[in-house]
Amino acid sequence: MASVFVTGGSGFIGTAFVRAAVAAGLDVRALARSGASVARLRALGAMPVEGDVLDESGAWRAAAADSDHVAHLAQPQTYGGRITDARARRWREERLQMDRALLGALDAARVPNVVYVAGTSFYGDCGADVPHDENVEPRPRGWGPYVAVALEAVRGYRERGLPIIEAFPGWVYGPGSWFAEYILTPLHAGKPTTALSGRCHIPSSVHVDDCARALVHLLTAGEPGRRYFVVDDAPVESEKLGRAAAAALGVPFRSRNVHPLICRLLLGRIVTESLQYENRLSNGRLRATEFVPAFPTYETGVPDAVATWLREHYHN
Ligand SMILES: NC(=O)c1ccc[n+]([C@@H]2O[C@H](COP(=O)([O-])OP(=O)(O)OC[C@H]3O[C@@H](n4cnc5c(N)ncnc54)[C@H](OP(=O)(O)O)[C@@H]3O)[C@@H](O)[C@H]2O)c1
């Protein structure tokens with residue numbers, strides 16, 4: 001049985017990744033830095049490996065080096081509260097340290113395939129025309145400039161022979177993370193969601209289970225040195241995601257607009273920028289690896305995410 005070492009397996013995408021990897025028959029070894037994460041990962045069918053990815057001399061690094069594949073999903077927290085430039089700089093330093101600890105532990109001669117998970121903020125403002133492929137010129141926005149520094153360091157590891165596949169998920173919606181906190185929870189409580197006033201921007205999104213299955217698929221079907229957008233078949237206005245969520249919850253859609261200047265004051269420049277750019281990306285390269293999404297568009301994906309959220313939070 002082939003093995004995969006995963007960081008961030010207790011997180012939003014990571015939990016779905018572990019489920020998908022176990023279902024695909026992989027022996028999953030998952031880094032866990034707390035007792036709660038150990039229990040959660042064991043319940044998902046993974047073997048927890050205790051350690052902190054910031055620990056550059058941690059014993060966990062041997063488990064990573066000894067696996068057939070590696071998936072790197074751990075990251076310092078990116079959302080919640082005001083994101084100041086100082087907080088973003090700390091994020092960048094921690095991200096660099098995490099990547100150094102993990103990628104530095106891997107022996108290019110033994111070459112496990114590594115799926116490195118970044119984010120589409122690196123591509124940033126791609127313009128409002130047709131969906132772009134991975135060759136589009138990156139114009140990092142929001143978190144993008146901070147992700148760009150990490151990707152530049154990753155390039156060094158690739159040049160030293162590590163077979164790294166870079167995955168760029170779009171906005172990942174599902175029964176947790178930002179989608180639950182900012183869309184499902186307020187709508188379910190009869191409150192409005194919050195949007196920026198002005199032009200409604202169009203991001204590329206993806207259901208968390210499809211994102212996770214795509215990352216598992218790329219462990220073997222991805223080509224080292226290549227980048228892959230992990231997004232739905234078509235980008236969608238952010239408001240349509242909210243409307244679809246309200247319909248699935250059986251509540252009226254309500255939204256209140258906040259001026260970008262107010263958003264900057266409350267949540268900071270980085271969050272505000274993240275809500276303002278056009279990021280229409282194509283999954284053509286991912287599809288060409290014969291990946292088949294279960295939810296190719298938000299029309300089927302959002303009702304599934306809502307049903308799971310309701311089941312997990314209200315029907316247990
Ligand atoms: N969510 C999205 O919409 C989205 C979109 C595009 C790309 N991405 C990318 O996908 C990846 C996963 O995102 P996510 O939303 O699943 O993140 P998440 O829910 O915030 O999970 C972060 C994970 O990293 C772990 N972690 C953080 N610091 C750690 C440390 N020092 N040592 C060990 N583990 C540590 C956390 O462990 P604990 O459980 O112990 O805290 C958790 O498992 C990230 O690289 C993110 O940038 C996410």
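Counting starts at 1 for both ligands and their atoms, in listed order.
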Lys/Arg-Asp/Glu bridge criterion (N-O < 4.0 Å) met for E273, R141
yes
Nearest-contact summary for atom 32 (N) of ligand 1 - protein heavy atom, Å
V53 N, 2.9 Å
Just by distance, with hydrogens left out, do S204 and N279 show a side-chain donor and acceptor under 3.5 Å apart?
no
Exercise: do T193 and R254 side chains pair donor with acceptor under 3.5 Å:
no
Main chain of D133, side chain of R285: is a donor-acceptor contact present, judged purely on distance under 3.5 Å?
no
Does the distance from a Lys or Arg side-chain N to an Asp or Glu carboxylate O, for K240 and E237, drop under 4.0 Å?
yes
Short N-O contact, R100 and E56, less than 4.0 angstrom:
yes
Nearest protein heavy atom with distance in Å, relative to atom 44 (C) of ligand 1
Q75 CD, 3.4 Å
Report the nearest protein non-hydrogen atom to atom 21 (O) of ligand 1: residue, atom name, distance rounded to 0.1 Å.
G11 CA, 3.4 Å
How would you list, by chain and number, every residue that makes a side chain to side chain contact (heavy atoms under 4.5 Å, CB included) with D68, sequence neighbours excluded?
A2, S3, R110
Give yes or no for whether the N/O distance cutoff of 3.5 Å, strictly under, is met between P169 and ligand 1.
no
Which ligand 1 atoms does G8 reach within 4.0 Å, using its non-hydrogen atoms?
23 (C), 24 (O), 25 (C), 43 (O)
Main-chain N/O of G124 paired with S121 side-chain donor or acceptor, under 3.5 Å
no
V117 heavy atoms, cut-off 4.0 Å: which ligand 1 atoms fall inside?
9 (C), 10 (O), 11 (C), 45 (O)
of all protein heavy atoms, closest to atom 12 (C) of ligand 1 is L73 O, 3.2 Å
Looking only at N/O atoms, are S10 and ligand 1 under 3.5 Å apart anywhere?
yes
Using distance alone, determine whether L31 and ligand 1 share an N or O pair under 3.5 Å.
no
Using non-hydrogen atoms of the residue, decide whether M98 is closer than 4.0 angstrom to ligand 1.
yes
What do we get for R33 next to ligand 1 when only non-hydrogen atoms under 4.0 Å count, side chain, backbone, both or neither?
side chain
Above 12 or not: heavy atoms from other molecules or residues under 6.0 Å from CZ of R264?
no
Which of the atoms of ligand 1 are close to D52, meaning less than 4.0 Å from one of its heavy atoms?
30 (C), 31 (N), 32 (N)
Which ILVMFWY residues are connected to L265, directly or by a chain of links, through side-chain heavy atoms under 4.5 Å apart?
none
Please say whether V172 places an N or O atom under 3.5 Å from an N or O atom belonging to ligand 1.
yes
Under 6.0 Å between the ring centres of F5 and H69?
no
May I ask you to identify, for A118, whether its side chain, its backbone, both or neither come under 4.0 Å of ligand 1 on a heavy-atom basis?
backbone
Under a 4.0 angstrom heavy-atom cut-off, which atoms of ligand 1 come close to R95?
45 (O)
For ligand 1, does W178 get within less than 4.0 Å through its side chain, its backbone, both, or neither, judged by non-hydrogen atoms?
side chain
State whether the shortest distance between N or O atoms of P76 and N or O atoms of ligand 1 falls below 3.5 angstrom.
no
Measuring from the heavy atoms of E50, does anything fall under 4.0 Å of ligand 1?
no
With a 4.0 Å cut-off on heavy atoms, does G170 reach ligand 1?
yes
